[in-house]
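Contents: one structure, followed by commentary.
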Number of protein chains: 2
Amino acid sequence: MARTADPERAAARRDAIMRAAIALFAEQGFESTSAAEIAKAAGLSSGSVFYYFADKRAVFRALFERDLPAARELVARHATGDDPVASLLAMVDVLAADAMDPLAPGIMVELVRQVGKDPELARLITETAATQHAGFAALVERGIRAGSIDPALDPGEAAQWIQVAIDGAFLNADPDHDPRPMLRRMITRFLSRPCDHAGDHA
Amino acid sequence: MARTADPERAAARRDAIMRAAIALFAEQGFESTSAAEIAKAAGLSSGSVFYYFADKRAVFRALFERDLPAARELVARHATGDDPVASLLAMVDVLAADAMDPLAPGIMVELVRQVGKDPELARLITETAATQHAGFAALVERGIRAGSIDPALDPGEAAQWIQVAIDGAFLNADPDHDPRPMLRRMITRFLSRPCDHAGDHA
DNA sequence: GTCTATAGCTGGATAGAC
DNA sequence: GTCTATCCAGCTATAGAC
């Protein structure tokens, strides 16, 4: 009854294409990577790429399809905790973990570019980012009510700046250096209530 | 004696090409923008681009050639001041000013991509970034000695994180929203000495 | 100095063999 | 289902007219 003779083999090939594609897109960019190159790197022939994917753009999109459910799950997992700041930092840690991947800056940059060209990709990424944003904003709000976050902050704006910091870390990714400690320092202090003796010393 | 009949006209045309190019590169990307498109937007004919520039890549490089002298001047101007943190924030303000330009994210992204492909551009950008980095690091060190910056910070690492934050702001640029107040908050607090009653309230 | 025309090449996507 | 062969569009860069 199976449509495909061997669904497992088909999934493996799709996966091989995606793995080859992510490396090539990150290193060379989307436009500079030909379908033939991807096929070769995946151990297949040129035309096969178009059997598994509608077009080159669909290959790129597929690389980010798992991110939306992952974001939903991440937000749900950290929505209910005793300490909102701790939950928020745990989310940051997870999102920033991939920033040590040497492919991260290349993929990040290519993603921004392709989002402007592929409306379907744009919808996917917008929703993923909005999901993370909502999760952060809710935690900031809870932190404010609990007194552990500066009430002068607007939760939505603060959430966006947390994402800005993570984006910056991705862009400057370095495989030899874990960005998370400094990212935590930056975000913790950004959120905390003002410290009335800030520059004391004198 | 003049080599060119009208050097002023020539400079104006070069400039027109550059202005047209920066918009197109930011919106569509480098690879997706043809030389013919640039020429048309500049009010010239296709071949003329190659009269004023050696090749398409040189057009892109030209867009960043003024950044290195500008960085040197900026660093020099803020090297000597009574308050290192204030000088540092003034530098950040200048560098982040362009983040309100709607073209900023597109150009930023394209720059990262092209730096990986054009070694001459890479040299230029690396030196520009290193100049800014050195300026920030020197100010952080002075701030530590003056007691206004947390001595636990490594000046080089702190300088890099200031650049990370600025990069993030560029990537998420929004013409309607000045990122500088929040950027200042984030950096000030990142640098400041620890505040021993951080999460008080209870 | 600047334009027109085009050479020469590359790459996405398909058609049809197997 | 997968590969080979190929078509056609679109691009950079140049050569030569004016």
Side-chain angles (χ1 to χ4, degrees), chain A residues 1-25 27-63 110 113-114 117-121, chain B residues 1-25 27-63 110 113-114 117-121:
Chain A
M1 301 305 159
R3 276 282 182 78
T4 53
D6 190 344
E8 234 175 74
R9 186 177 187 79
R13 297 239 164 142
R14 234 186 102 96
D15 216 64
I17 292 172
M18 284 172 62
R19 253 202 305 276
I22 197 168
L24 288 165
F25 288 155
E27 282 157 20
Q28 314 180 336
F30 179 81
E31 338 276 348
S32 304
T33 301
S34 71
E37 250 176 316
I38 298 171
K40 193 177 174 186
L44 300 169
S45 205
S46 164
S48 309
V49 173
F50 298 100
Y51 175 73
Y52 289 103
F53 296 90
D55 51 22
K56 204 173 85 165
R57 185 140 285 157
V59 179
F60 190 80
R61 248 192 334 260
L63 300 176
E110 211 52 39
R113 175 58 69 208
Q114 296 309 316
K117 294 189 183 176
D118 181 345
E120 200 170 329
L121 178 64
Chain B
M1 301 297 168
R3 276 284 182 77
T4 54
D6 189 345
E8 236 174 71
R9 187 178 187 77
R13 298 240 164 142
R14 234 186 101 95
D15 217 64
I17 292 172
M18 283 171 64
R19 254 202 304 276
I22 197 168
L24 289 165
F25 288 155
E27 284 157 18
Q28 314 179 335
F30 179 82
E31 339 275 347
S32 305
T33 300
S34 70
E37 250 175 316
I38 297 171
K40 192 178 175 184
L44 301 168
S45 205
S46 163
S48 308
V49 173
F50 298 101
Y51 174 72
Y52 291 103
F53 296 90
D55 52 22
K56 203 173 84 165
R57 185 141 284 159
V59 179
F60 189 79
R61 252 193 329 259
L63 301 175
E110 210 54 40
R113 176 58 70 206
Q114 297 308 316
K117 294 190 183 176
D118 181 346
E120 201 170 328
L121 178 65

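Labels below follow one simple rule: chain letters A, B, ... track the order of the sequence lines, proteins then strands, and each chain is numbered from 1.
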From CD of B:Q28 across to C1' of D:dG10 the rounded distance in Å is 14 Å

Take the protein atom CG of B:L24 and the nucleotide atom P of D:dT12, then report the distance between them rounded to whole Å.
12 Å

Tell me: OH of A:Y51 to P of D:dT2, nearest whole Å?
6 Å

Nucleotide D:dT12, atom C1' - distance to CZ of B:F53 in whole Å:
16 Å

What's B:S45 touching, base or sugar-phosphate or nothing? Going by heavy atoms closer than 4.0 Å.
base

Which distance, rounded to the nearest 0.5 Å, do you find between the CZ of B:R57 and the CD of B:E120?
11.0 Å

Among C:dG11, C:dT2, D:dT2, which nucleotide sits nearest the side chain of A:Y52?
D:dT2

Do A:R113 and B:R113 come within less than 4.5 Å of each other through their side chains, counting heavy atoms only?
no

Given D:dC3, C:dG12, D:dT12, identify the nucleotide with an atom nearest to the side chain of B:F50.
D:dT12

Nucleotide C:dG11, atom C1' - distance to CG of A:D55 in whole Å:
14 Å

Which of the following nucleotides, D:dA13, D:dT2, D:dC3, is nearest to the side chain of B:S46?
D:dA13

Within the structure shown, what part of the strands sits under 4.0 Å from B:T33 by heavy-atom distance: base, sugar-phosphate, or nothing?
sugar-phosphate

What is the separation between atom CZ on B:F60 and atom P on D:dT12, rounded to the nearest whole Å?
15 Å

Is a side-chain donor or acceptor of B:S45 paired with a backbone partner of B:S48 at a separation under 3.5 angstrom?
no

May I ask you to evaluate whether A:R13 reaches the phosphate of D:dT2, defined as a side-chain N or O under 4.0 Å from OP1 or OP2?
yes

Rounded off to whole Å, could you give me the CD-to-P distance for the B:E31 and D:dA9 pair?
23 Å

Classify the ring geometry between B:F30 and B:F25 as parallel (under 30°), tilted (30 to 60°) or perpendicular (over 60°).
tilted

Over how many whole Å does the gap from A:R14 atom CZ to D:dT2 atom P extend?
13 Å

Look at the side chain of A:K56 and decide which nucleotide, out of D:dT12, C:dA13, D:dT2, has an atom nearest to it.
C:dA13

Using a strict threshold of under 4.0 Å (side-chain N to carboxylate O), is an ion pair present between B:E31 and B:K56?
no

